[in-house]
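Contents: one structure, followed by commentary.
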Amino acid sequence: MGVRVEGIVQGVGFRPFVHGLATGLGLSGLVGNDAGGVFIEVEGAPGAVGRFLDGLRTGPPRLAVVDRVTTRDLETRGRGGFAIVDSAATGGEAPGEGRALVSWDSATCDDCLRELHDPADRRYRYPFINCTGCGPRFTIVTDVPYDRPRTTMAGFAMCGPCAAEYADPADRRFHAQPVCCPACGPSPALLPAAAPPDDPVAAARALLADGAVLAVKGLGGYHLAARAADEGAVAALRARKHRAAKPFAVMVPDMAAARALCVIDAAEEGLLTGPRRPIVLARRRPAAPLAAAVAPGNAALGLMLPYTPLHHLLVTEPLVMTSGNVSDEPIVHRDDDALKRLDGIADAFLVHDRPIHTPADDSVVRVFRGRPLPVRRSRGYAPEPVPIPAGPPVLACGAELKNTFCLTRDGQAFLSHHIGDLENYETLRAYEDGIAHFRRLFDVTPELLAHDPHPEYLSTKYALEQHLPVIAVQHHHAHIASCLADNGVPGPVIGVAFDGTGFGTDGTLWGGEFLVADLHGFERAGHLEPVPMPGGAAAVREPWRMAAAYGVPDDLPVARRPGWDTVAAMARRRVNAPLTSSMGRLFDAVAAVLGVRDRVHYEGQAAIELEQRADPSEPAAYRASINGTDRFTVTGADLVEAVVADVRANVPVPLIAARFHNAAAALVVDAATRIRDTTGLGTVALSGGVFQNMFLLERAVSGLTDAGFDVLTHHRVPPNDGGISLGQAAVATAQFT
Ligand code: ZN
Ligand code: ZN
Ligand code: FE
């Protein structure tokens, strides 16, 4: 029988696994790789062949993902034994069509860790130990098919012992492309150093202990590291990086150290210790021994565990590990670039000579009701595809902030790593390089481009320059479509899209939207009542402007800000004040009125701090009126008015913040109920960056469930603009098939 296995089946120990499975069942035949995946010829007792096919699906190696197993009859050849054949030497099977998939980068496995710490092992304390079950993949692949000459390991010739392991089907390093050892592989170095230290990693540890800021070359790029308990070191890192307030993530050596800093449940522990190893946002312990500058005023802390052998050797106590970049530029991944751009930020560099081909930031995940809710999907996830309906090859160009792009092929959506905010040359270059790389890697020539209709987005301009058929997918429709694709459902649903800003079909800025949507299209069933955004982008940076726009009276403390009268007049007269129905801006207004934050240093900061102030035990909610029949509007100003009244009555801020959040959740339920009454739809999809707010999400989901709705939330891609490209791809596919 001929068997073809498609999916992530190359470079993950799949052939040795097949060999073991077949010989264990007394079957004969052969297994090999080709461009389409893995091909197998197998013969023996029918029962054993059946068990063999079951085993392919149920017991594959750690990093393998089996998408499809197909069989066809072959003449019995009466072979003896079972062989692993050289890919090029076969001729019996038609070549595939480039469907073998590159795996995501995996954290060091337990077997490799045991060797790392075993003084008798030839790779004892070797920072680049890996095997077929773990190690770099996506970030080192330069081309396909995946084998060593087409990785950044191409320049390292294997020594005799490594070559023997690589060639031995019984070895756990059989055809592990990045296999290496101290004799033949990459090595670490500490720069600058007058005399190279014997052990650069130990020397780097000593520098960190002394309070230095270190640039560390990792898997997907450079990190900046400092001891997390060291006030001086963390403050220096913040000042040099020009990062005023955005929280830093912390890498801890093990779960015990993680628990000393945060309260961690079973699902969070599973993510922290799993092979993908994202940063997990967990609830920080109030007495956690951390420098104040790690995550100022933040009740959550981003934690991760070491995911490369180098990290395992370096991290013996909690370290701040933040992307090596200057403010909003992409993560630095090339060595010459690192030495230039991080000069003046890092006191020293812990580097190595295995090049990083594709940069990948750490992924960020939180847990919602026991399931992952991605905040940033990058290292450890990309380029694993998300299944979508089949259609023509599409390139979806994404949005502006937190950009990702997405390429589709045969019902699979290959979502890129995190590109970043597409607003400078460096990021645009990373975007264009990334698209070119994905097209080669997945052998896709797009026939159709999907983009955001915002005319000023660089992703829109990129799409229009390609001279291919394009389709503009409205921003909030893309959000809801991403939630549908995330959950594998076609709709129609009631879509609630709350975010900062997106370009609306009427030329105004949307962001508090109630849609009736499926993958084909949408109708705007209702929205937040638009208000002026005085100063446009300035109102995003300065939430107090939104308080003025919402008509907060002049005698409140927020109105004492210089410029209040001018901005209030701009809002009244609609001078340089575009209209927006944004829910994010309503959160901003309330945060400013409460004195929580009137100026932000990063996107969403005011809403995040407002959420953290809210008292979870407060049951009361304000009420927003809903007006109109055909297309209703929700009067956000009602909520601001209620907040103002409570401020005047000296109600404590945590209660006001909670009543406002409860009100936002209640209006989701009220609006959805209204739409259900006219359409009969009973499923609600929640998307948009505002739904990263756990206080709101929890209450919205509870309220909707109590009202009898089925609720869809995100678990594969982020609800923020990082998921937009998937939504665009799903809509473009639906419209063109
Ligand atoms: Zn391993
Ligand atoms: Zn070697
Ligand atoms: Fe958005």
Side-chain angles (χ1 to χ4, degrees), residues 11-13 61-63 103 105-118 121-123 126 128-137 148 153 156-167 171-174 176-187 275 307-309 312 398-404 421 452-454 457 459 473-483 495-504 509-513 515 540 580-585 603-604 607 686-692 714 717-728:
V12 293
R62 182 169 182 254
L63 296 186
S103 168
D105 301 280
S106 161
T108 313
C109 74
D110 290 343
D111 289 335
C112 286
L113 275 184
R114 256 190 301 280
E115 293 178 1
L116 184 70
H117 297 302
D118 175 4
D121 194 272
R122 69 189 186 90
R123 294 188 180 87
Y126 179 56
F128 305 95
I129 189 168
N130 66 76
C131 71
T132 52
C134 76
R137 295 289 187 278
R148 190 169 177 110
M153 286 297 291
F156 297 94
M158 277 182 241
C159 69
C162 283
E165 289 170 332
Y166 182 88
D171 194 277
R172 65 185 196 85
R173 293 197 168 86
F174 177 67
Q177 304 304 343
V179 68
C180 58
C181 75
C184 67
S187 46
Y307 53 82
T308 71
H312 280 285
E400 179 90 337
L401 299 178
K402 303 177 168 66
N403 177 279
T404 61
D421 297 349
D452 195 285
H454 198 303
Y457 284 1
S459 55
V473 181
Q474 198 279 325
H475 188 90
H476 302 94
H477 183 210
H479 270 307
I480 298 305
S482 80
C483 188
V496 182
F498 287 174
D499 69 355
T501 318
F503 199 74
L509 298 170
W510 294 7
E513 308 308 311
L515 311 180
V540 179
T580 185
S581 56
S582 164
M583 180 56 83
R585 298 289 87 80
E603 200 210 359
L686 302 176
S687 192
V690 170
F691 284 110
Q692 293 171 103
H714 284 270
V717 299
N720 61 44
D721 285 4
I724 284 280
S725 63
L726 177 65
Q728 291 173 343

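Every number for a ligand or one of its atoms is a count from 1 in the order of the listing.
- Draw a line from the Zn ion (ligand 2) to SG of Cys159 and another to SG of Cys181, and the angle between them is 100° (to 10°).
- Within the 2.8 Å limit, His475 places at least one N, O or S atom next to the Fe ion (ligand 3).
- A side-chain hydrogen bond (donor to acceptor under 3.5 Å, both in side chains) with Ser687 is found for exactly one of His714, Glu513, His476, namely His714.
- Counting all heavy atoms, side chain and backbone alike, Thr501 lies closest to Tyr457 at O-OH, 4.3 Å.
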Practice item. Could you walk me through whether Leu509 and Arg585 pass the side-chain contact (heavy atoms from CB on, under 4.5 Å) test, one step at a time? Key: CA-CA 11 Å; Leu509 298 170; Arg585 298 289 87 80; over 6 Å; no
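- An angle of 120° is found at the Zn ion (ligand 1) between Cys131 atom SG and Cys134 atom SG, rounded to 10°.
- Atom OD1 is the N/O/S atom of Asp721 found closest to the Fe ion (ligand 3).
- For the Zn ion (ligand 2), the set of nearby N, O or S atoms under 2.8 Å includes one belonging to Cys162.
- Of all heavy-atom pairs spanning Ser725 and Thr404, the tightest one is OG-OG1, 2.9 Å.
- The nearest N/O/S atom of Asp499 to the Fe ion (ligand 3) is OD2.
- The main-chain N or O of Phe503 is found under 3.5 Å from a side-chain atom of Gln474 such that the two form a donor-acceptor pair.
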